[in-house]
Amino acid sequence: MKNIIVGQSGGPTAVINSSLLGVFKTAKDRGADTVYGMVHGIKGLLDGDIVDLSQRIKTELDMDLLKRTPSSFLGSCRYKLPDIKGHEETYEKIFKILKELDICAFFYIGGNDSMDTIMRLTDYGNKIKSPVRFIGVPKTIDNDLAITDHTPGFGSAAKYIAATTKEIIRDGLVYDYPVVSVIEVMGRNAGWLTAATALAKGEDCEGVDEIYLPERVFDVDKFVERMGERLKENRSIVVAVSEGVKVADGRYVCELSDHVDYVDAFGHKQLAGTARFLAGKVAEKYGVKTRAIELSSLQRCAAHIQARIDVTEAFNCGGAAVKAAFEGKTGLVITLNRISDDPYMCIAEEADVHKIANVEKKVPSEWITEDGTYVKSELVHYIMPLIQAEITPLWVNGLPRHVRLHYAPKDR
Ligand code: F6P
């Protein structure tokens with residue numbers, strides 16, 4: 001048996017470390033010698049930033065804390081490998097490092113951009129007939145990966161968003177004068193996470209008034225008009241908007257006020273300011289109190305409200321990836337196939353990375369209302385099983401305890 005290496009890439013989640021643990025523990029249980037971790041993903045590998053995970057995860061307590069620790073324990077990157085053609089030296093360098101470390105399998109925990117890395121390494125590996133296997137472990141709060149029913153990370157973010165939305169709705173009703181609250185939710189060009197605000201509605205909660213997903217063109221004037229109509233009847237109005245809503249000419253709403261300068265390696269613009277812009281428009285037109293609530297990083301790192309089902313599935317995806325690699329497979333991403341809603345049951349399967357890398361899965365049109373201002377019950381039923389059950393943080397001094405990777409370049 002040889003060594004394996006694992007990295008985390010892209011935006012973090014509340015359960016990405018459970019996938020890391022799934023890879024680590026399953027590889028150890030199946031007889032791997034050293035489990036290496038790339039610090040800051042493939043970029044770290046290229047820079048020689050590698051740690052021996054067995055030296056960092058030693059006890060049962062370390063493992064319990066790791067799965068309760070949000071964000072990426074190993075650090076992350078948004079780094080796009082160049083085209084193989086014309087950049088062979090980058091790939092030669094990576095495969096030389098893998099050979100020196102005696103790596104038999106490479107695991108990358110990430111979303112559709114990160115799977116581009118698995119795809120390119122698989123293609124180069126096949127070209128040079130390398131024995132190293134490359135397997136992707138799915139992760140993203142955005143839930144926009146193709147083929148899989150859903151992605152680890154989504155359920156916990158959806159649980160946080162739905163719970164927080166309930167609290168925002170209660171807060172909005174506290175005064176005897178009107179307040180318009182606009183909640184901005186992550187998810188880029190897919191509205192899965194924004195749709196999770198619909199879960200707030202129940203016998204103890206009025207629910208949000210409107211929900212806007214990026215799958216539909218956004219009309220700012222119509223939105224302001226609709227708020228005016230609602231203000232005639234309601235004291236508190238709560239609206240959820242995706243950070244990725246765009247107007248008819250293709251510009252993001254957040255670009256209408258702010259100049260978006262920052263673009264990452266995959267060409268994604270930094271999206272923020274949608275709620276601020278829309279709340280400003282409503283305040284300007286009607287002179288009412290408004291709140292712009294950007295859930296931002298809070299929604300992807302809320303480990304104090306992890307969904308137990310999400311933690312379990314994240315771990316299992318890591319384990320399934322190791323199993324696939326140790327069976328000699330390569331160029332795959334682990335997927336989740338829902339075989340039953342009630343009782344909820346999902347099984348881990350495998351898909352060709354070429355069908356997943358760089359592909360964005362959007363909310364189907366039939367799950368959005370005709371006028372594009374809310375979501376249908378099918379979407380609520382789809383999300384509901386994914387937020388179920390809890391896992392208690394380990395509280396120390398009144399706060400959840402986390403683990404940190406103490407790493408400096410001198411550790412090399
Ligand atoms: O990884 C997905 C995501 O959380 C998106 O929902 C969001 O738009 C993006 O990451 C933000 O990325 P960054 O942390 O690089 O600003």
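Start at 1 and go down the list; that is how both ligands and their atoms are numbered.
- Not a single heavy atom of Asp264 sits under 4.0 Å from any atom of ligand 1.
- Aromatic ring orientation, Trp367 versus Tyr382: tilted (interplanar angle from 30° to 60°).
- Here OG1 of Thr34 is found 10.5 Å from CD1 of Ile5. Values are rounded to the nearest 0.5 Å.
- Each of the following atoms of ligand 1 lies closer than 4.0 Å to a heavy atom of Gly11: 1 (O).
- Looking only at protein heavy atoms, the nearest one to atom 4 (O) of ligand 1 is Arg300 NH1, 3.1 Å.
- At a 4.0 Å heavy-atom cut-off, ligand 1 does not touch Leu193 at all.
- Considering both main-chain and side-chain atoms, Thr140 never comes within under 3.5 Å of ligand 1 through any nitrogen or oxygen pair.
- Note that Lys246 lies in the cation-pi zone of Tyr252, set by a 6.0 Å cut-off to the ring centre and a 45° limit from the axis.
- Contacts of His268 with ligand 1, taken as heavy-atom pairs under 4.0 Å, are absent altogether.
- Phe134 has its ring centre no less than 6.0 Å from the ring centre of Phe107.
- The shortest N/O to N/O separation between Gly187 and ligand 1 falls below 3.5 Å.
- When the options Lys139, Lys269, Gln270, Glu243 are ranked by their closest heavy atom to atom 7 (C) of ligand 1, first place goes to Glu243.
- Counting non-hydrogen atoms of neighbouring residues, nucleotides and ligands closer than 6.0 angstrom, the CZ atom of Arg401 reaches no more than 12 such neighbours.
- Of the inter-residue distances, the one linking Asn189 atom CG with Ser242 atom OG reads 8.0 Å to the nearest 0.5 angstrom.
- Between Arg78 and ligand 1, an N or O atom pair is found at a separation short of 3.5 Å.
- One distance of note links NZ of Lys269 with CG of Asp264; it measures 12.0 Å at 0.5 Å rounding.
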